[in-house]
Every structure is written in C-alpha cells, then in structure tokens.
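A short write-up of the structure that comes next.
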Amino acid sequence: MTARLPVIFIVGPTAVGKSAVAAALAEKINAEIISCDAMQVYREAGIVSDKPAPLLRARVAHHLIDVVSVKEEFSVARYRALAAAAVADIHARGKVPLITGGSGMYMMVLLDGIFEGAADPVVRAALETEDPAARYAELMRVDPAAAAMIKPGDTRRIVRALEVFRSTGVPISVQQKTRAGFWGQYDVRVFGLERPRAELYRRVEARVEDMFRAGLVAEVRFLLSLPLSSTGARIIGLPEIKGVLDGSYDVDRAKYLIKLHTRHYVKRQMTWFRKDKRVAWLMLGPQEAPGVTADRLVEKLKGS
RNA sequence: GCCGAGAUAGCUCAGCUGGUAGAGCGAAGGACUGAAAAUCCUUGCGUCCCCGGUUCAAUUCCGGGUCUCGGCA
C-alpha cells in the first residue's frame with residue numbers, strides 16, 4: 001500500500017498572521033507555499049492585496065502570486081488548474097505543498113473539486129439584461145433543485161445557474177454533483193488559525209493604517225489608470241480610494257470604508273471556514289511568534 | 001442671561017390630530033461549485049432625558065427641571 005502524498009492547508013481570516021506562520025512552517029518541514037488568495041494572483045496589486053513580505057518570499061518559494069495581470073479575468077477554475085499543477089510540481093521535487101490563504105471558495109474547490117461547466121460570457125451578458133423576476137421564474141422551471149438553494153435576490157447565482165443550463169442543456173444542480181478534489185487523493189491536513197474577534201479587528205485596522213503609510217493611495221491611483229478586468233477591480237481598497245481620487249470624500253472616509261469592508265470580509269471568511277469540519281483550529285496567543293505556532297503545527301502533524 | 005430648536009435601538013434619525021415604537025447604518029449569525037476581497041439571507045423590549053399633572057390610557061398634551069445645539073447679548 002503506497003502512502004498518499006501530503007498536502008497541508010493553512011487557512012484563516014485576513015490579518016490573523018497566516019503568511020509568517022506558513023513561511024516558518026515551510027522551513028521546518030521542507031515545504032513550498034501555494035497561495036490560496038483570489039487577489040494576490042494579480043501582479044500589479046502589491047500593497048492593496050497584502051502579499052507576503054519580500055523577506056518571506058526570499059526565504060521560501062511562493063507559488064500562485066503575481067501570475068496574472070489585473071487586466072485579465074481570473075476565476076476559481078483557473079486557480080484550481082494552476083494550483084493542481086503547482087502541487088504536482090512540488091511533489092515531483094520531493095517537497096511538501098503548503099497551501100495558505102483566506103479565500104474560502106478557492107480552498108473548497110481544491111479540496112472537493114469543481115464541475116466542468118465553463119463560463120459563457122455571451123450567455124451571461126444576455127442574462128444580465130433580462131428581467132429579474134422572469135429570470136428566477138425560468139430557474140424554477142428548468143432547475144427547481146437549484147432554485148430551492150438560491151435566494152430570489154441572489155442575482156449572481158441565478159445568472160450563473162441559467163448560464164450553465166442554457167449553454168449546456170443540463171441543470172447546474174445536476175452537474176454540481178460530479179466533482180473530485182484533493183480530499184481523498186492526497187494525505188490532506190487542514191489547519192485554521194484564529195484569534196479573538198476583537199483582536200482580529202484591531203489587527204485589521206492597524207494593517208490598513210500600515211497600507212496607507214506604505215503608499216496605498218499612489219498604488220491604487222496607478223491601478224485605476226489601467227483597463228481593469230471585472231475580477232481585478234474587486235480588490236478591497238480600489239473602489240474606496242477611487243472615491244477620494246474623484247473628490248467624493250476624504251482619505252479618512254476611505255480608511256473607514258476599507259476597515260469596515262475588511263471586517264465584513266473577515267466575518268464571511270470565518271463563516272466559511274467554521275462550517276468545514278475538516279479544519280483543525282489553533283487559537284493564537286496575542287504575542288505568539290510565528291515560529292512557535294509553526295512548532296505547534298509540527299506537533300499536530302506528527303500526531304496524525 | 002434672553003430667544004428658538006432638540007433630547008427615541010451602539011450611531012443618524014422617523015414616529016398624522018394620545019392606545020407603551022420603526023427605518024438606515026453598525027453589530028451578530030448564516031448561505032456559498034468557473035466574478036468569491038464577490039453575491040445573497042436572517043436577527044431590533046429599547047428607563048421613547050427626569051419629576052409632576054390632565055386622561056380609562058402619554059413617547060405623543062400641559063407645567064417644571066436637567067442637558068445639547070443654534071441665534072442674540
């Protein structure tokens with residue numbers, strides 16, 4: 001019986017301290033890091049996407065950071081293909097893939113796979129101009145199972161479900177049943193890092209302040225000058241600072257909004273990760289050094 | 001000091017002519033299969049500033065008090 005190859009995940013909310021812990025762990029177990037982040041893939045986005053510090057990236061190999069331009073559309077499917085290739089590559093070199101990040105859907109797609117139903121921009125664009133009520137009625141007619149799962153107000157998912165049905169003739173709820181990911185294929189361990197909510201929020205606010213000091217406004221001014229893709233334009237910080245640049249409000253207002261939207265994001269991240277029972281949680285101490293956390297993880301890895 | 005306005009949910013405020021109150025924001029919880037740092041759903045008993053009066057009944061009317069804001073001094 002051949003042992004399955006290892007794949008380790010470190011997930012958790014923004015600002016919990018994942019990057020430093022992952023780098024410390026990678027050095028202890030001969031691993032390379034694969035980013036699990038929907039925005040750090042964009043090469044022009046530096047400060048806004050809060051990428052791992054240059055020092056960390058010099059110490060440990062990081063994959064799936066800076067892989068596309070903000071001018072390009074990106075997607076989970078594309079992420080999954082790139083990540084799967086990176087995992088195979090790292091294994092081939094005898095090292096351990098350490099997947100680290102806070103994008104819940106990206107994690108899920110790696111663990112459990114995704115169904116084969118490519119996006120169809122033409123069908124999608126057509127759907128977006130249609131009447132919302134008629135759209136939902138159509139979904140209830142062609143795919144009642146999906147309609148039961150999707151709220152009438154959730155335009156995004158309704159459009160996607162109909163897009164899949166119209167372009168393939170098969171309901172999305174049927175197609176979604178066929179998928180497979182790393183879970184079962186590799187020896188997967190998933191660790192979640194957490195901190196008390198209040199402490200997490202304080203760290204978020206401090207980090208936003210740091211980002212402004214590091215030149216966030218100038219960077220965003222540059223990004224906004226580019227023909228951004230619809231996905232690249234979603235980074236928290238872009239719309240908020242755009243309001244400053246076009247004179248709608250001042251920098252303090254932008255800071256407030258970025259902090260607020262990041263806190264909301266943290267909350268959604270926690271909702272996502274908490275529901276996945278495969279995640280083994282570690283509560284971090286207020287002053288706990290990354291190396292200490294990494295040692296705790298090494299112990300847990302032995303205990304499997 | 002005088003005149004005026006106001007004091008209602010963590011914040012900003014709604015509450016026709018009396019029957020113990022509701023929105024937005026925030027906050028908390030949840031969903032999530034090719035846009036996901038996105039998109040969406042759920043949750044509001046709070047001394048209606050205090051004291052007294054009128055009334056079957058007052059957040060709502062009357063009197064007094066306290067505080068806040070604006071104007072005049």
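Each chain gets a letter, A, B and so on, in the order the sequences are listed, and its residues count up from 1.
Between A:R157 and B:rU33 there is a side-chain polar atom (N or O) within less than 4.0 angstrom of OP1 or OP2.
The distance from atom CE of A:M270 to atom P of B:rG30 is 9 Å, rounded to the nearest whole Å. Computed from coordinates, the A:M105 CE to B:rA31 P distance equals 16 Å when rounded to whole Å. When the C1' atom of B:rU39 is taken as reference, atom CZ of A:R135 falls 12 Å away, rounded to whole Å. For A:D143 and B:rU33, the CG to P distance is 12 Å, given to the nearest whole Å.
Figure legend: cation-pi geometry between A:K300 and A:F191 absent, as NZ or CZ is not positioned both under 6.0 Å from the six-membered ring centre and within 45° of its axis.
Among the heavy atoms of the strands lying under 4.0 Å from A:R268 is at least one base atom, whether or not backbone atoms are also near. Across all strands, A:V164 comes closer than 4.0 Å to no nucleic acid atom at all (heavy-atom distances). No engagement by A:E163 is indicated, since no non-hydrogen atom pair under 4.0 Å with the nucleic acid exists.
Between the side chain of A:Q269 and the base of B:rA36 there is no donor-acceptor pair of N/O atoms closer than 3.5 Å.
Between B:rG34, B:rC40, B:rA37, one nucleotide has an atom nearer to the side chain of A:Q40 than all others, and that is B:rA37. The nucleotide whose nearest atom lies closest to any side-chain atom of A:R124 is, among B:rU33, B:rC32, B:rA35, B:rA35.
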Please list each protein N or O that sits under 3.5 Å from an N or O in nucleotides 24-28 of chain B, with the distance.
| unit_1 | atom_1 | unit_2 | atom_2 | d |
| --- | --- | --- | --- | --- |
| B:rA27 | OP1 | A:R263 | NE | 3.1 |
| B:rA27 | OP1 | A:R263 | NH2 | 3.1 |
| B:rA27 | OP2 | A:H264 | NE2 | 2.5 |
| B:rA28 | OP1 | A:R197 | NH1 | 3.4 |
| B:rA28 | OP1 | A:Y201 | OH | 3.4 |
| B:rA28 | OP2 | A:Y201 | OH | 3.3 |

